[in-house]
> 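Here it is, the structure in full.
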Amino acid sequence: MSLRRHFGTFLVAAACTVASMSVSAHAILIDSMPKPNGTVTAGHVDMFFKYNSKIDQHRSRLTLVKSDQSQTVLTIAVDSGKPNELDTSADLAPGTYTIRWQALALDGHITRGDVPFTVTAKP
Ligand SMILES: [Cu+2]
């Protein structure tokens with residue numbers, strides 16, 4: 001969890017309070033696969049990013065960033081039956097990666113964050 005992510009989340013939270021004066025419902029990441037700084041085995045990797053509230057899966061985004069900084073936008077499953085999640089999958093070779101997520105909550109606020117992880121060779 002980076003300092004940058006905390007800072008971004010703080011700004012969004014402040015804007016939410018000032019703009020709506022209502023219960024904040026912007027998306028906060030509460031669980032994921034891979035875990036932040038976690039490890040998965042190479043191959044076809046199913047991934048999920050779970051939030052504290054319902055999110056707009058059509059207007060959220062998951063980007064895979066490789067160690068050479070090249071980026072691939074991943075397809076988000078929109079009928080997973082899990083409205084609090086962004087689900088995707090990718091074929092991954094061993095290496096280090098980051099998932100850069102951007103989630104649009106129903107209150108109209110966007111939150112962002114990075115989940116760095118490592119892919120290891122199959123045993
Ligand atoms: Cu909000």
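Both counts, for ligands and for their atoms, begin at 1 and track the order of listing.
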> Tell me, with the steps shown, if V40 and M33 meet side chain to side chain contact (heavy atoms under 4.5 Å, CB included).
CA-CA 9 Å; V40 298; M33 168 65 197; 3.3 Å; yes
> Which N/O/S atom belongs to H109 and is the closest one to the Cu ion (ligand 1)?
ND1
> Taking the side chain as every heavy atom from C-beta outward, state whether I99 and V65 have any atom pair closer than 4.5 Å.
no
> Look at the aromatic rings of Y51 and W101 and report parallel, tilted or perpendicular, splitting at 30° and 60°.
perpendicular
> Looking only at N, O or S atoms, which one in H26 sits nearest to the Cu ion (ligand 1)?
ND1
> At their closest point, which heavy atom of F48 faces which heavy atom of E85, and how far apart are they?
CB-OE1, 3.5 Å
> Could you identify the N, O or S atom of D107 positioned closest to the Cu ion (ligand 1)?
OD2
